[in-house]
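In what follows, a single structure is set out as structure tokens and then discussed.
Remember, it's a predicted structure, so these values are computed and weren't measured experimentally. Throughout, numbering of the chain's residues begins at 1 and tracks the sequence.
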Amino acid sequence: MTIFNNSVLKLDKRMFKTINLALPLVIISSLSMLGCTEDSQARTTPLATQSSSPLAYSYGVRPFYLINDMDESPLKEELLACSAQTPSKTNFSIAHRGAPLQLPEHTYDSYVASAQMGAGILECDVAFTNDGELVCRHAQDDLHTTTNILATPLAKQCTVPPIIDANGVLTNADSIECRTSDISANQFKTLTGKMDAANKKATSIDEYMNATAPWRTDLYSQNGKVLTLKEHIALARQLGMKHTPELKAPAVTMPFNGYRLDDYRQQLIETYKAAGVPANDVFAQSFNIEDLDYWIKNEPAYGANAVYLIDDSNETAKNKTFDKDDATTWKHSLADIKARGINIIAPALWLLVTTDDNGKMIPSAYAKQAKANDLKIITWSIERSGPLANGGDWYYSGLGEAINNDGDMMNYIDVLAQDVGVQGIFSDWPATVSYYANCKGLK
């Protein structure tokens, strides 16, 4: 099924000349494609038996919207010239929790959509349940914002359950907390994923849960099938994707019921080994440098590809404010990180890019030192912000007027790819990065 509506997007006139009759085949909503290719029994059929037909890769409309919104430049001309290219999978495009710009993160539909957008690597943020199962959630303590747990009887098992007074009013919206370790794996599987959001001033459960940002959508939140890590691995393999699990910091004191931090670190790797996934297809991640030390020492084959996630929260020197252009503010030098046996780092986007005196985006000192120390770089996360007319948010820190419209996102990607030299970019809407990578021939 091909869906094309001229009212969806007003394209640059030059794009019409380039695409001609190919246009309806290229501008296909990846979400519409999802509905056409997914097994109609997906909600009740085990993952292993769901449709394994070849993926129909699609960009959807968003990359074209972003390119049209760019200021005139040689890069815009180059990207426009790729309008009729055939979408394909690329490992340069890494799915950040699936495709959570519009679909609930870490859910089946979100994962499949990211694959159909051409992402070659799929992320599972790993947390544990109270019976020792590993599941995909962005944090151990986010069930109250990313699932429907508060609308189920499991809400009473939460670390800080909702409190409803005699008048039926929710009185503790600002302190509710539900953890994966509050429930079993079987109980986790009864939940439905939703868009990550909460109204901390709400006076009812419905009001608390219905808080999706206006630049996102609940249109694709109807199914919300959540996955264990084992199910995630099976699905990623079925989709032909590589794996990047992130070991999330425990929200509980460890050991937890006898479960030690080293047990948690090892279990993540053992799950991939038991599934027969080759070490070179797994990029285990963590913000905790000691997790990487453990993998490098105890699982060297997997440790060789382990990724150290970096931002100002874990790499700021004591009594300093992190400055991407001042090495005295960094907790570890890039040389020290390399000397520990770490080969891949993943700094946040803004750590890698700064601006010159003319407001042009250029590599930061942090990016230059990473390259000088022969560290491979990936980065996170494109498409995690709302409209960029006001300069974006934390992900665009310190870039000033270099970011003032949505089209500048493509310039940002280009600087990261060509000047910084990153080998992959996480995205909440992988089609954006896939389009760029396909146009530039990045595999």
Side-chain angles (χ1 to χ4, degrees), residues 94 96-97 106 121-129 132-142 179-181 228-230 232-233 236 242-275 277-317 322 330-348 351 370 373 375-381 424 426:
I94 307 172
H96 184 238
R97 315 183 201 176
H106 292 313
I121 303 175
L122 184 61
E123 181 183 45
C124 169
D125 291 315
V126 177
F128 56 84
T129 59
E133 186 73 60
L134 300 183
V135 298
C136 296
R137 282 296 94 195
H138 176 243
Q140 188 186 0
D141 54 356
D142 74 357
R179 301 172 177 174
T180 57
S181 55
T228 66
L229 177 59
K230 292 175 184 176
H232 170 94
I233 292 170
K242 294 187 178 182
H243 313 258
T244 184
E246 180 186 339
L247 194 76
K248 303 304 295 190
V252 296
T253 300
M254 302 291 278
F256 175 72
N257 295 336
Y259 185 61
R260 301 171 303 141
L261 187 54
D262 280 356
D263 297 330
Y264 183 30
R265 292 163 170 158
Q266 188 63 39
Q267 186 180 1
L268 183 146
I269 301 300
E270 291 296 337
T271 306
Y272 282 91
K273 291 168 71 174
V277 181
N280 59 4
D281 283 348
V282 180
F283 302 88
Q285 318 166 65
S286 179
F287 279 98
N288 181 359
I289 202 167
E290 293 179 356
D291 292 341
L292 277 83
D293 291 340
Y294 176 90
W295 292 326
I296 290 167
K297 177 181 178 180
N298 295 283
E299 293 288 349
Y302 290 85
N305 277 344
V307 180
Y308 182 38
L309 296 163
I310 296 170
D311 67 14
D312 52 341
S313 69
N314 67 333
E315 273 299 320
T316 301
F322 191 95
W330 310 342
K331 183 176 181 179
H332 298 100
S333 72
L334 278 303
D336 289 342
I337 290 173
K338 179 68 175 180
R340 298 174 86 114
I342 295 171
N343 297 314
I344 309 172
I345 60 170
L351 271 64
N373 283 281
L375 285 162
K376 296 178 182 177
I377 308 170
I378 58 178
T379 190
W380 50 278
S381 294
F426 281 90

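- The closest donor-acceptor contact from the side chain of R179 to the backbone of P250 lies at 3.5 Å or more, if one exists at all.
- For the pair D141 (side chain) and A251 (backbone), a donor-acceptor distance under 3.5 Å is absent.
- The CG atom of L334 lies 6.0 Å from the CG atom of L375; values are rounded to the nearest 0.5 Å.
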Using the rule given for side chain to side chain contact (heavy atoms under 4.5 Å, CB included), can you reason through W330 versus L351, listing the C-alpha separation, both sets of side-chain angles and the distance that settles it, and then say yes or no?
CA-CA 11 Å; W330 310 342; L351 271 64; over 6 Å; no
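- In this structure, the separation between OG1 on T244 and CG on L122 is 9.0 Å, given to the nearest 0.5 Å.
- Remark: the backbone N or O of R97 is paired with a side-chain donor or acceptor of E123 at under 3.5 angstrom.
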Assess whether side chain to side chain contact (heavy atoms under 4.5 Å, CB included) is satisfied between K230 and E133, documenting all intermediate values.
CA-CA 9 Å; K230 292 175 184 176; E133 186 73 60; 3.7 Å; yes
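- By the 4.5 Å heavy-atom criterion applied to side chains, N280 and N305 are counted as neighbours.
- Residues Y302 and V277 come closest through the heavy atom pair OH-O, 3.1 Å.
- Y308 and H332 have perpendicular rings, their planes meeting at more than 60° on a 0 to 90° scale where under 30° would count as parallel.
- Listed here is the closest heavy atom pair of A304 and N343: O-ND2, 3.0 Å.
- The aromatic rings of Y264 and Y259 sit tilted, their planes meeting at an angle between 30° and 60°.
- Taken to the nearest 0.5 Å, the NZ atom of K248 stands 11.0 Å off from the CG atom of D291.
- For the residue pair Q267 and G132, the shortest heavy atom distance occurs at NE2-O, 2.8 Å.
- Contact between W380 and I310 at its shortest, heavy atoms only, is CZ2-O, 3.5 Å.
- Taking the side chain as every heavy atom from C-beta outward, E290 and L292 never approach each other to under 4.5 Å.
- With a 4.5 Å cut-off on side-chain heavy atoms, Q266 and D262 do not count as touching.
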Audit row: Y294, L247, side chain to side chain contact (heavy atoms under 4.5 Å, CB included) steps and yes/no:
CA-CA 12 Å; Y294 176 90; L247 194 76; over 6 Å; no
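- In this structure, L261 CG and N288 CG are separated by 7.0 Å, a value rounded to the nearest 0.5 Å.
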Carefully, step by step, assess F287 and E246 under the rule side chain to side chain contact (heavy atoms under 4.5 Å, CB included).
CA-CA 9 Å; F287 279 98; E246 180 186 339; 3.4 Å; yes
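- With rounding to the nearest 0.5 angstrom, the CG atom of N373 is 7.0 Å from the OG atom of S333.
- At a cut-off of 3.5 Å, with distance as the only test, a side-chain donor of S313 or D311 sits close to an acceptor on the other residue.
- Residues I121 and F426 form no side-chain contact, since every pair of their non-hydrogen atoms from C-beta on lies 4.5 Å or further apart.
- Residues D281 and K242 share a closest heavy-atom pair of OD1-CE, 3.3 Å.
- Residue V135 is tested with V126, D125, T129 for a side chain to side chain contact (heavy atoms under 4.5 Å, CB included); the sole match is T129.
- Between atom CD1 of residue I342 and atom CD1 of residue I296 there is a gap of 5.0 Å, rounded to the nearest 0.5 Å.
- Scanning all heavy atoms of the two residues, the minimum distance from T379 to A348 falls at OG1-C, 3.5 Å.
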